[in-house]
Amino acid sequence: MRIDVVSIFPTIFDALEVSLLGKARQTGLLDVRVHDLREFTHDRHRTVDDTPYGGGAGMVMKPEPWGEALDAIVGDADPRPVIVFPSPAGERFTQSIARELSAAPHLVFGCGRYEGIDERVFDYAAEHGDVRLLSLGDYVLNGGEVAVMAMVEAIGRLVPGVVGNPESLVEESHEDGLLEYPSYTKPSVWRDREVPPVLLSGNHGAVASWRREQQLERTRARRPDLLAD
């Protein structure tokens, strides 16, 4: 999978060099390329923003640098890439969307800043790829970088071969619409706290039933909206 990221703070993505995603880049499973949006400007101040039409607080990212960045990265690529812009005005990013995007051969992420990106950029991007505006949740960040890091991690780990044991992905939170059950390891007693006896029983059916009930109980308590969905 190829992943392109456009940002005015490209060094933030140095963190992708570590852990499983870093190994996936080294082995060629993930081809991650980070681009500095300011490289697509032409004035000595490398300006990427300007005041909003209609007035209002803050600044808006100019369309010209974004257009040149998309031309250079996407062009007339075949197949068309999926172009993702993190936005609090976008649809909610979920595990099912992460799994859907993990099957795409080419993802492009655009990190907005300030009051956002000129709306015409999204229209232009849609001529060259499948545009998705995605939100991590009902809150606002200073920019899209943190959101893109989270999305790349969630998507990248689902690419076949990135996680060593693919079975570990099956029972995670949100894979079946529920939160994950609690996990324990040795020792069986730690600071007077015991592991639930059923996990020591060797009865695989009882363990499976216990874990399922724990998923339901945890989801009812913490995320009842998931049960409603």
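Excluded from the calculations below are hydrogen atoms, water molecules and symmetry mates; all remaining heavy atoms, backbone and side chain alike, are included. In this text the structure is predicted, and so the values were computed from the model without any measurement.
Between Arg120 and Asp118 there is a salt bridge, since at least one side-chain N of the basic residue sits less than 4.0 Å from a carboxylate O of the acidic one. Lys23 and Glu17 are not joined by a salt bridge, as no carboxylate oxygen comes within less than 4.0 angstrom of a charged side-chain nitrogen. Salt bridge Arg222/Glu180: absent, no basic N to carboxylate O contact under 4.0 Å. Using a 4.0 Å cut-off between charged nitrogen and carboxylate oxygen, Arg38 and Asp43 do not count as a salt-bridge pair.
No donor-acceptor pair closer than 3.5 Å links the side chain of Thr47 to the backbone N or O of Asp49. Looking only at distances, no side-chain donor or acceptor of Ser87 sits under 3.5 Å from a matching main-chain atom of Leu133. With hydrogens and angles ignored, the 3.5 Å screen pairs a side-chain donor or acceptor of Ser102 with a backbone N or O of Arg99. A donor-acceptor pair is defined here as one N or O able to donate and one able to accept, closer than 3.5 Å; no such pair exists between the side chain of Arg2 and the backbone of Val108. Put simply, the side chain of Gln215 gets close to the backbone of Leu179: a donor and an acceptor are under 3.5 Å apart. Judged purely by atom type and a 3.5 angstrom limit, Ser19 has no side-chain atom pairing as donor or acceptor with the backbone of Leu21. Formation of a donor-acceptor pair under 3.5 Å by the Arg80 side chain with backbone atoms of Glu127 is found in this model. Looking at His128, its side chain does come within 3.5 Å of a backbone N or O of Gly75 through a donor-acceptor pair.
Residues Asp4 and His106 bring a donor and an acceptor atom of their side chains to less than 3.5 Å of each other. Using modelled atom types, one finds a donor on one side chain and an acceptor on the other under 3.5 Å when comparing Glu68 with His42. Side-chain contact check for Asp71 and Tyr124: at least one donor-acceptor pair (N or O, by modelled atom type) lies under 3.5 Å.
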_Verdict with reasoning, Asp225 to Arg223, per salt bridge (Lys or Arg N to Asp or Glu O under 4.0 Å)_ = CA-CA 5 Å; Asp225 57 299; Arg223 291 290 307 276; 2.9 Å; yes

*Begin with the C-alpha distance, continue with both residues' side-chain angles, and end with the deciding distance and a verdict on side chain to side chain contact (heavy atoms under 4.5 Å, CB included) for Leu134 and Leu101.*
CA-CA 12 Å; Leu134 299 175; Leu101 295 180; 4.1 Å; yes

*Stepwise salt bridge (Lys or Arg N to Asp or Glu O under 4.0 Å) test for Arg33 and Asp31*: CA-CA 7 Å; Arg33 310 177 190 185; Asp31 177 10; 2.7 Å; yes

*When you look at Glu213 and Arg218, which way does the salt bridge (Lys or Arg N to Asp or Glu O under 4.0 Å) test go after all the steps?*
CA-CA 8 Å; Glu213 182 55 40; Arg218 180 175 279 189; over 6 Å; no

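The aromatic rings of Phe85 and Phe122 stand perpendicular to each other, their planes meeting at an angle above 60°, with 30° marking the opposite boundary.
For the pair Cys111 and Val5, the minimum side-chain heavy-atom distance is below 4.5 Å. Proximity of Tyr184 to Leu199: side-chain heavy atoms (C-beta onward) are separated by under 4.5 Å at one or more points. Here the side chains of Val48 and Thr41 are in contact, with some heavy-atom distance below 4.5 Å.
Counting heavy-atom neighbours within 6.0 Å of Tyr139 OH, excluding the residue itself, gives a total above 12. No more than 12 heavy atoms of other residues, nucleotides or ligands shown are found within 6.0 angstrom of CG on Asp138. Atom CD of Gln214 has more than 12 neighbouring heavy atoms from other residues, nucleotides or ligands inside a 6.0 Å radius.
When every heavy atom of Val198 is checked against every heavy atom of Val207, the shortest pair comes out as O-CG2, 3.4 Å. Closest heavy-atom contact between Trp210 and Pro182: CH2-CG, 3.9 Å.
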